[in-house]
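Below: the structure, in structure tokens.
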Amino acid sequence: MIRTVSQASQSFGPCIQTQRSQTFESSAIPRADMDGSALSSQQREGFEKAIAEKETKNEESVQARVERLGRERPPVFQSVWAEVAFVFSICFSQIITEYFVSGFTVILPTLIRDLDIPQSSSVWPATAFSLAIAATLLFFGRLGDMYGGYPVYVFGMTWLALWSVVAGFSIGPLMLNFCRALQGLGAAAYLPNGVLLMGSIYRPGLRKNIVFSLFGTSAVVGFFIGIFFAGVVGQYTRWGWYFWIGAFLAAITAASSFFSIPSDSAARKKNGIRMDWLGSTLIVSGLTLTVYAITDSSHSPQGWRTPYIPTLLVVGCLLIGAAVYVEGWVAKLPLLPFDVFAVKSMKPLTIALLLNYGTLGIYLLYVTQYMELFMNASPLLVAGWSVQYHKPSIISLLTFDRYTPMIVGGLILSTAGGFVLHLIPGKALLVFSGTGWIGALLLFALAPPGANYWAFTFPR
Amino acid sequence: MHNRLQDTDQNGSAIFATIGIDITFNIASIFITTNMPRERQGLAGGLINSILHLGITFCLGFSDIIQAETVNRIGLLKSYKAVFWFGVAAASVALLIMAFFVKIDKAKSDLTADEKRELEEAVLQERQADVP
């Protein structure tokens with residue numbers, strides 16, 4: 001298999017050379033001199049030599065040309081501003097998604113109070129959002145492959161803006177959960193298609209590394225903005241404004257995307273990819289039930305023994321099993337074709353990533369709770385967990401202080417990373433990064449609790 | 001309010017977590033999108049984000065089980081620590097997998113997956129044409 005540019009030059013080079021020399025011989029060597037006299041054999045030789053030299057120079061520069069292309073602005077952008085607008089539109093999708101995840105955690109106590117959400121179902125608005133995303137991502141990714149990333153991306157962003165506005169007007173927990181789930185559908189639509197657009201337009205190289213690193217940095221920015229606005233809104237005004245500010249940001253992004261993203265739908269429709277309806281249905285329903293069962297297990301009346309939890313889990317797993325069967329053996333154009341994992345290193349990478357991102361989840365949720373319960377002992381906490389429900393600005397201030405090194409570090413590291421990824425082998429960076437994952441939790445696993453902690457039992 | 005050890009823990013942990021998520025996510029995204037042909041870029045996007053969300057969900061599910069099952073025996077504080085040790089174990093396994101099984105090279109300027117595929121086909125055709 002051809003894996004490197006040099007291999008390509010070696011295998012394909014001779015073909016290029018023979019083709020080129022034929023063309024050159026026939027047309028490039030002039031028949032006559034400038035003043036009309038026929039070329040002497042010396043002149044003719046001179047021309048042939050120059051052309052041969054040019055050819056070898058062209059041949060060696062396959063490598064150089066690929067290098068140059070990897071750094072140039074992709075030809076689809078007419079100017080640097082077109083490219084900036086495009087990158088801005090796509091990166092903002094990460095910002096908005098993180099805004100609606102991180103900020104929601106901060107505004108949740110206010111919502112619980114204002115909408116009378118019962119304690120046992122207080123986790124649902126957040127879960128509805130991420131569940132809708134996780135279950136339907138692959139489906140919308142396939143839609144993008146079929147009809148073009150551009151229409152699905154703009155659709156997703158507009159849908160999110162719309163349902164964010166509606167969510168701000170929620171009058172009860174049911175409507176809130178419904179709106180959050182629909183917000184999630186919008187997010188599921190634009191997330192994979194943002195990657196689709198960037199991955200299709202950018203050649204492997206420095207420019208792509210920088211753009212993707214900016215994309216990753218945007219998640220950190222969104223995290224920051226989400227917490228900030230949620231805190232400010234919770235303190236000074238009606239909670240609906242959190243959603244409306246988010247909707248405004250999404251609407252700006254939708255408009256900017258509409259104008260700045262080059263449309264790829266014509267090209268993609270020609271690929272003739274069709275939707276795998278059976279696989280999609282099985283995957284979406286299987287994932288929904290499984291994730292629901294796992295997430296609800298700790299909040300249902302009897303935990304895992306509540307009858308509907310294991311039932312849903314088993315049904316969900318059966319559906320996923322059926323999906324695996326369908327994708328592997330039945331579907332003609334499976335939603336998740338198994339030869340994706342034939343790419344070298346893909347299988348181990350996927351497993352390692354699942355574990356690593358899981359560690360992220362633990363960090364974001366459990367470390368936060370741990371710090372609030374055991375380490376930031378302040379007079380507010382003496383009264384217990386419930387006091388914090390009424391002071392969102394305090395939460396956001398505490399969170400600011402806690403998360404500032406993470407935010408600043410993330411911004412610097414992520415952006416700087418983009419500039420060195422083409423110099424350092426990925427494996428080395430991943431191993432280095434792996435120690436980061438371990439260290440983040442190890443510090444807390446080993447840490448002695450602070451001087452001001454109570455081993456109070458937390459009623460569950 | 002907090003003592004210095006706690007500050008070190010919080011900040012140190014935050015720096016570690018940043019090193020974790022930012023580098024891993026970027027490299028994984030670039031690698032996956034670079035190695036997929038154009039008509040599968042949507043699938044690549046779907047995969048990248050699915051792995052993120054499903055990884056978080058399933059791991060949080062496990063963690064919840066661990067926390068809920070241990071809290072009655074060893075108390076709230078230690079149940080949280082149990083979750084952290086589970087996370088350390090998971091991250092260690094991931095590190096071993098990355099070190100020994102994942103072979104990702106530099107993300108340098110290169111042909112796209114489509115171009116490589118076209119070149120292979122062209123070379124195959126050439127070779128077949130050469131065979132009499």
Side-chain angles (χ1 to χ4, degrees), chain A residues 2 8 11 67 70 134 137-138 141 144-145 191-192 195-196 199-200 204-205 209 212-213 216 271 291 294 298 343 345 348-349 352-359 361-363 366 370 375 405-406 409-410 413-414 421-422 426 430-431 433-434 436-445 447 450, chain B residues 6 9 11 13-20 22-27 29-30 33-35 38-39 41-43 45-46 49-53 55-57 59-61 63-64 76 80 83-85 87-88 90-91 94-95 97-99 101-110 116 119-120 123:
Chain A
I2 293 189
S11 332
E67 282 285 333
L137 271 173
L138 286 171
D145 282 330
L191 279 174
V195 174
L196 177 154
S200 309
N209 296 348
F212 267 87
S213 297
N271 285 333
V291 170
I294 293 181
S298 52
V343 174
S345 299
L349 180 69
L353 283 179
L354 283 171
L355 291 169
N356 274 336
Y357 293 145
T359 321
I362 294 180
Y363 181 83
Y366 284 90
Y370 182 86
M375 292 177 105
M406 184 172 175
L413 201 65
S414 201
L421 282 178
H422 67 300
L430 283 172
V431 166
S433 181
W437 291 112
I438 297 181
L441 289 184
L442 192 63
L443 277 180
F444 277 97
Chain B
Q6 291 173 5
D9 276 335
N11 292 339
S13 178
I15 308 268
F16 276 122
T18 310
I19 293 177
D22 288 317
I23 298 183
T24 307
F25 182 77
N26 291 343
I27 294 185
S29 307
I30 294 175
T33 52
T34 304
N35 284 290
R38 186 162 286 219
E39 68 266 12
Q41 288 294 312
L43 174 62
N49 285 294
S50 292
I51 294 177
L52 177 65
H53 281 91
I56 293 182
T57 308
C59 223
L60 281 183
S63 308
D64 215 33
L76 190 66
Y80 272 77
V83 169
F84 296 147
W85 281 115
V88 169
L95 178 62
I97 296 179
M98 295 281 199
F101 295 106
V102 170
K103 297 175 180 26
I104 297 181
D105 206 356
K106 311 177 198 174
K108 57 190 192 315
S109 301
D110 202 356
K116 286 187 187 167
L119 278 182
E120 272 168 32
V123 167

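Chain letters run A, B, ... following the sequence lines, proteins first, then strands; residues in each count from 1. Only this structure's heavy atoms are used, side chains among them; waters, hydrogens and symmetry mates stay out.
Taken to the nearest 0.5 Å, the CG atom of B:Leu95 stands 12.5 Å off from the CH2 atom of A:Trp437. Taking CG from A:Leu430 and NZ from B:Lys103, the interatomic distance works out to 12.5 Å, rounded to the nearest 0.5 Å. To the nearest 0.5 angstrom, A:Asn356 atom CG is 5.0 Å from B:Met98 atom CE. Between the SG atom of B:Cys59 and the CG atom of A:Leu355 there is a distance of 6.5 Å, given to the nearest 0.5 Å. One finds the CG atom of A:Leu349 at 10.0 Å from the CG atom of B:Asn35 (value rounded to the nearest 0.5 Å). Remark: A:Leu354 CG to B:Ile51 CD1 distance equals 6.0 Å, nearest 0.5 Å.
Residue A:Val343 touches chain B through its side chain alone, counting heavy-atom pairs closer than 4.5 Å.
B:Asn26 has its side chain out of reach of A:Phe212: every pair of non-hydrogen atoms, C-beta onward, lies at least 4.5 Å apart. Side-chain contact between A:Tyr357 and B:Phe25: present, with at least one pair of heavy atoms (C-beta onward) separated by less than 4.5 Å. Within the 4.5 Å cutoff, side-chain heavy atoms of A:Leu137 are placed close to those of B:His53.
Between A:Tyr366 and B:Phe84, the distance separating the two ring centers is not shorter than 6.0 angstrom.
Contact count against chain B (heavy-atom pairs under 4.5 Å) is highest for A:Asn209 among A:Val195, A:Asn209, A:Val291. Comparing A:Ala134, A:Gly144, A:Gly439 by heavy-atom pairs within less than 4.5 Å of chain B, the highest count is held by A:Gly439.
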